[in-house]
Amino acid sequence: MAGRGGSPRGRGSSSGRVRAAPSARGRGQGQGRGSPAGAAPSIRGRGRPLSADEAGAGAWAGARGAPAEEGGSAGADPRPRSSRRARGCGPRPGPGSEQQLRAVLARLSLARRDTVEAAALVNELAARLVQAVKRDISFHEVEKLGAGSYYEHLKISEPDEFDIMLKVPIPRIQLDECDATGAFHYVTFKRHPQKHLDKFLDDDGKLSADTMLLSVRNIIKEEVKNITNMTVTVKRKKPGSPAVTLLIEKPQTQISVDIILALEYRSQSWPRSTQDGLNIDQWLGKKVKQAFKQNPLYLVPKHAKNEKVIKASTWRLSFSHIEKDIIKNHGNTKTCCEYDGVKCCRKECLKLLKYLLEQLKAKHRSRRELDKFFSYHAKTAFFHMCARRPEDKDWQFKDLDRCFHEFLDYFLDCLQKSDLPHFFIPKHNLFSPDLVDMASSNFLSREIKYELNNSFPIFKLEN
DNA sequence: AGAGGCTAGTCGAG
DNA sequence: CTCGACTAGCCTCT
């Protein structure tokens, strides 16, 4: 649940209470949600899946249809808790399909040992950096917020990428859209300037994203010099990136940690460009939507590109906190996926699409067609798909194969039409031809169709 | 800041 | 396969 402000949906609450006290959520001990699911030995060897949040989409125009309703898919889900995710019990599933997908998913789960080790390093590093940043008067009030796949329990393969937002509360600011997307804004202070942030204003009185991020970057670089108990380096700055990326070197692997500066914007209402977004009325409910919209918004330093002129002072809206909350509370019913509720396969579908994209990107690393696809595309398509199929019964655990195929169909459709609206800012088309050219979408479409029609050979590669 | 409770996840024993 | 231990993260409450 997102910030204390009030994440909607008090989840366990049996009452109709919508946003209040989550305290009543208590249910039994959170114990054994056993799921053996053939714990694959941590797969560290696997082809480094490119960078964190990326994944593409795939679309396919025609080939739909094939969703193989294969023989009654593995056992009916209704097995209560534990056994729920066990793969392939019950009648034999058709070749490939259900059982194959579950095997893939089992391989994608994070090995606990890796998670424990990575979390210890990352948490220690993050705590130090937060302290260091807080020492600067301008950033006195920063707070940490875990964002991205790892914190959404959607990280696959290895816990090697972490996104950590540093929230800077900024009251009374004004946002002005700076281009047609509705995502990028200029930030100015209303009325009184805020003394501790004045030094980040540019000549026009706009808050300069570049300057502010650079300031954080310098603090971090200094602090990193003092760290002796692990090997950490600060990666070279990428123009237009909202993050300071750190690398923790470990004997076998490295962990990348993105520190993302984020202005915390609380206001009566979200900006106009978001007005028709977050279409979850049928899925999570209007009250939930309303409650989400009471949450603050975040702005991350990110150049509005897409135009000849690069604007150094722009900020992009970020909804990571809401996305995280939706993913955690993804059901039409409150009890979806609770330990005594019914398990759905939504997250599994998303993991599979992310994996597919990662693998395709890795396979075609040397070409450029897939460079423009990111896991955020998969996530966005996922939200739309959930909104189109709002009911838990549309996502039963036993229907993984069908659900995944339908999800891919939808994704292919988006690619083919070059149309994937940002889930929160509907007029912002993430597949707009200026962002993703036709050659790229066609290439990805073709690759996905190929995988679809051949039982996903790319999932079998062991590399 | 710290303690305690809870969830969602992995893993080991039988 | 099932059970339950164990753990990270997150939340609430002093």
Side-chain angles (χ1 to χ4, degrees), chain A residues 1-14 19-44 74-75 77 79-90 99 102 105-128 130-131 134 143-160 162-165 167 255 257 295 320-331 334-348 350-351 397:
Chain A
M1 331 209 135
R4 57 214 85 241
S7 126
R9 260 167 315 165
R11 48 186 353 243
S13 62
S14 37
R19 64 222 224 69
S23 53
R25 52 164 59 159
R27 248 170 229 238
Q29 215 57 329
Q31 77 215 27
R33 95 181 0 214
S35 89
S42 104
I43 14 188
R44 58 185 80 239
D77 122 325
R79 276 159 300 150
R81 32 159 154 274
S82 357
S83 45
R84 258 191 242 128
R85 5 178 15 229
R87 63 192 131 129
C89 44
Q99 198 176 36
R102 295 224 184 279
L105 284 165
R107 272 194 292 135
L108 296 182
S109 65
L110 305 183
R112 185 156 71 168
R113 195 162 295 151
D114 295 347
T115 303
V116 169
E117 280 175 25
L121 292 169
V122 171
N123 290 340
E124 190 196 330
L125 175 62
R128 275 192 85 142
V130 170
Q131 288 313 314
K134 268 174 179 289
E143 277 182 62
K144 171 186 147 172
L145 173 66
S149 300
Y150 175 81
Y151 296 98
E152 292 166 344
H153 293 291
L154 286 174
K155 187 74 187 76
I156 51 180
S157 305
E158 284 184 272
D160 55 357
F162 292 75
D163 296 334
I164 291 172
M165 282 176 30
K167 306 185 288 183
I255 300 172
V257 181
N295 279 278
S320 304
H321 56 313
I322 310 289
E323 291 160 7
K324 182 171 161 183
D325 200 6
I326 293 179
I327 283 167
K328 200 176 199 178
N329 264 314
H330 54 257
K334 287 181 200 151
T335 52
C336 184
C337 292
E338 285 189 346
Y339 77 90
D340 53 356
V342 176
K343 179 86 180 87
C344 80
C345 65
R346 289 180 180 88
K347 287 170 79 167
E348 283 71 18
L350 179 50
K351 280 188 190 175
F397 192 70

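Atom pair A:Asp340:CG and C:dC3:C1' shows a separation of 17 Å (rounding to whole Å applied). Whole-Å rounding puts the A:Glu158 CD to B:dT10 P distance at 14 Å. In this structure, the CD atom of A:Glu143 is 13 Å from the P atom of C:dC10, given to the nearest Å. C:dC10 atom P lies 10 Å from atom NZ of A:Lys167, rounded to whole Å. Rounded to an integer number of Å, the gap from A:Asp114 CG to C:dT7 P is 15 Å. Remark: P of C:dG9 and CG of A:Leu121 are 12 Å apart, rounded to the nearest angstrom. In this structure, the NZ atom of A:Lys334 is 17 Å from the C1' atom of B:dT7, given to the nearest Å. In this entry the distance linking CG of A:Leu154 with P of B:dT10 reads 12 Å, nearest Å.
One distance of note links CG of A:Leu154 with CG of A:Leu350; it measures 5.0 Å at 0.5 Å rounding. Separating the NZ atom in A:Lys155 from the CG atom in A:Asp160 is a distance of 4.0 Å, to the nearest 0.5 Å.
Taking only side-chain nitrogens and oxygens, A:Lys324 comes nearer than 4.0 Å to OP1 or OP2 of C:dC10. The side chain of A:Tyr150 places an N or O atom within less than 4.0 Å of a non-bridging phosphate oxygen (OP1 or OP2) of C:dG9. For the OP1/OP2 pair of B:dT10 and a distance below 4.0 Å, the side-chain nitrogens and oxygens of A:Arg107 include no atom meeting the criterion.
Comparing A:Gln131 and A:Lys347 against DNA chain B, the residue whose closest nucleotide sits nearer the 5' end is A:Gln131.
When each of B:dT10, B:dG12, C:dG9 is scored by its nearest atom to the side-chain atoms of A:Tyr151, the top-ranked nucleotide is C:dG9. Of the candidate nucleotides C:dG9, C:dA8, B:dA8, C:dA8 has the atom nearest to the side chain of A:Thr115. Residue A:Asn123 has its side chain nearest to C:dG9 when only C:dG9, B:dA8, B:dC11 are considered.
In this structure, the side chain to side chain contact (heavy atoms under 4.5 Å, CB included) partners of A:Lys134, at least two apart in sequence or on a different chain, are A:Val130, A:Gln131, A:Val142. By the side-chain hydrogen bond (donor to acceptor under 3.5 Å, both in side chains) test, A:Ser320 pairs with A:Ser318, sequence neighbours left out. For A:Tyr151, there are no ring pair (Phe, Tyr, Trp, His ring centres under 6.0 Å) partners two or more places apart in sequence or in a different chain. For the salt bridge (charged side-chain N to carboxylate O under 4.0 Å, His left out) test, no residue two or more places apart in sequence or in another chain qualifies with A:Arg113.
Between the A:Lys347 side chain and the A:His330 main chain, no donor and acceptor come within less than 3.5 Å of each other.
A donor and an acceptor atom sit less than 3.5 Å apart, one in the side chain of A:Arg112 and one in the base of C:dC6.
Scanning DNA chain C for stems, defined as runs of 3 or more consecutive Watson-Crick or G-U wobble pairs whose donor-acceptor distances all fall under 3.5 Å, gives the following ranges: B:2-14 with C:1-13.
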